[in-house]
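Since the model is a prediction, treat every value here as computed from it, not as a measurement.
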Amino acid sequence: MAKIYALCDMSLLKKYKIDIKEYVKIAKYFNASIIQYRDKISSLEEKKENLKILKNQSDIPVIINDFLELVQFADGLHIGQEDLINIIDSFGFRSKYEAIEGIRKIIGKKILGLSTHNESEIKEANLFNLDYIGLGAYRSSSTKEVENILGEKLHCLGVISKHPVVAIGGIRLFDNIKNVSYKAIGSDLLKKYLTYS
């Protein structure tokens, strides 16, 4: 049974009128193994404060999405393919491999994950010093525009990865997806919590 990788998306929290402290209760309620903090709307200071709350209120590892400069306040970093290209451009790396190695030097033994969407990206990620890959999208989602919907192909692609796989993209609490270690769940956790509690 795949573990829960809880997506703490500040846009969703605002939509459902849930604050960051209540989100910690939600993650605990569903026995989340990891929390990913995703925030495209808050200031840098607000992001730091929110990360501190997530860290101080629970013993669940907290991963920051995209913001390498905030990894010191978290237990790890998740980056998307586009963000990896931006890091290559910003730091002058020559390849994705070199960029991942550079990120690894910066974050040390903290958790590092990378989004993948197809067989080619999975095989490429197998060469990288990662702790997991995100793989998707499983289905379309209201929080993110996606071009490539994998659906049932996701479980077939999961076996290609040498790293643990987090199923991403429109995942629901009761989805049963084979060959994945985690299910990344955003809005469905909030909906189920508001229904059950």
Side-chain angles (χ1 to χ4, degrees), residues 2-71 73-84 86 111 113-117 132-151 154 165-177 180 182-197:
K3 297 175 185 170
I4 292 177
Y5 179 113
L7 294 175
C8 178
D9 186 316
M10 288 309 291
S11 299
L12 282 175
L13 266 58
K14 287 204 182 306
K15 178 181 172 183
Y16 287 95
K17 297 179 173 59
I18 293 170
D19 69 21
I20 200 84
K21 288 182 180 174
E22 188 175 4
Y23 187 82
V24 173
K25 292 179 188 172
I26 294 169
K28 288 179 178 178
Y29 180 84
F30 288 107
N31 296 314
S33 297
I34 296 174
I35 296 172
Q36 185 196 114
Y37 175 64
R38 179 189 293 165
D39 191 344
K40 308 280 189 188
I41 58 174
S42 304
S43 70
L44 196 62
E45 280 308 309
E46 288 171 322
K47 289 173 186 167
K48 286 180 190 175
E49 286 309 308
N50 287 338
L51 279 167
K52 286 176 186 175
I53 292 168
L54 289 171
K55 290 270 301 152
N56 293 336
Q57 301 274 326
S58 81
D59 56 358
I60 303 169
V62 177
I63 294 172
I64 182 72
N65 181 263
D66 298 339
F67 292 94
L68 182 56
E69 63 271 31
L70 292 173
V71 76
F73 303 101
D75 299 299
L77 175 71
H78 181 87
I79 46 179
Q81 291 287 330
E82 305 83 19
D83 302 295
L84 188 56
N86 292 337
I111 300 165
L114 176 68
S115 295
T116 62
H117 309 94
Y132 72 88
I133 62 163
L135 177 59
Y138 182 64
R139 65 169 62 88
S140 60
S141 161
S142 60
T143 58
K144 198 169 182 182
E145 291 277 324
V146 288
E147 296 173 12
N148 189 27
I149 306 297
L150 296 176
L154 192 145
V165 175
V166 179
I168 59 175
I171 308 294
R172 296 181 189 134
L173 185 60
F174 298 119
D175 283 336
N176 184 15
I177 307 166
V180 301
Y182 301 90
K183 298 185 294 187
I185 309 173
S187 62
D188 200 49
L189 274 194
L190 306 182
K191 290 175 190 171
K192 295 289 191 296
Y193 180 77
L194 293 170
T195 301
Y196 298 152
S197 62

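The heavy-atom pair separating Ser115 from Ile168 by the smallest distance is OG-CD1, 4.2 Å. Minimum heavy-atom separation, Phe73 to Lys55: O-CG, 3.6 Å. Closest of all the heavy-atom pairs between Ala6 and Leu189 is CB-CD1, 3.7 Å. For the pair Leu154 and Gly136, the tightest heavy-atom approach, listed with the atom from each and the gap, is CD1-CA, 4.0 Å. Here the closest heavy-atom approach between residue Ile177 and residue Ala167 is recorded as CD1-CB, 3.9 Å. For the residue pair Ile171 and Ala184, the shortest heavy atom distance occurs at CB-O, 3.2 Å.
Taking CD1 of Ile63 as the start and CD1 of Ile111 as the end, the distance is 4.5 Å to the nearest 0.5 Å. Residue Ile35 holds its CD1 atom at 5.5 Å from CG of Leu54, rounded to the nearest 0.5 Å. Between the CG atom in Leu13 and the CG atom in Asp39 there is a gap of 9.5 Å [rounded to 0.5 Å]. In this structure, the separation between CD on Glu49 and OG on Ser43 is 9.5 Å, given to the nearest 0.5 Å. Taken from CG in Leu190 to CD1 in Ile18, the straight-line distance is 4.5 Å, to the nearest 0.5 Å. Put simply, CD on Glu46 and CD1 on Ile41 are 8.5 Å apart, with the number rounded to the nearest 0.5 Å.
Contacts of Thr195 classified as side chain to side chain contact (heavy atoms under 4.5 Å, CB included), with partners at least two apart in sequence or in another chain: none.
For the pair Lys192 and Phe30, the NZ or CZ position fails the cation-pi test of under 6.0 Å to the six-membered ring centre and within 45 degrees of the ring normal.
Considering Val166, Leu7, Asn65, Ile34 in turn, Asn65 is the only one that fulfils the side chain to side chain contact (heavy atoms under 4.5 Å, CB included) rule with His78. Among Leu150, Leu114, Val180, the single residue meeting the side chain to side chain contact (heavy atoms under 4.5 Å, CB included) criterion with Leu135 is Leu150. A side chain to side chain contact (heavy atoms under 4.5 Å, CB included) with Asp66 is found for one member of Asn86, Leu84, Asp83, Leu77 and no other, namely Asp83.
Identified under the salt bridge (charged side-chain N to carboxylate O under 4.0 Å, His left out) test for residues 22-33, with sequence neighbours left out: none.
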Self-check item: Stepwise side-chain contact (heavy atoms from CB on, under 4.5 Å) check, Ile20 with Met10
Solution: CA-CA 8 Å; Ile20 200 84; Met10 288 309 291; 3.8 Å; yes
Self-check item: Working for side-chain contact (heavy atoms from CB on, under 4.5 Å), residues Lys191 and Arg172
Solution: CA-CA 10 Å; Lys191 290 175 190 171; Arg172 296 181 189 134; over 6 Å; no
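Checking Tyr196 against Tyr29 by side-chain atom types alone, no donor-acceptor pair falls below 3.5 Å. Asp175 and Tyr138 share no donor-acceptor pair across their side chains, judged by distance under 3.5 Å alone.
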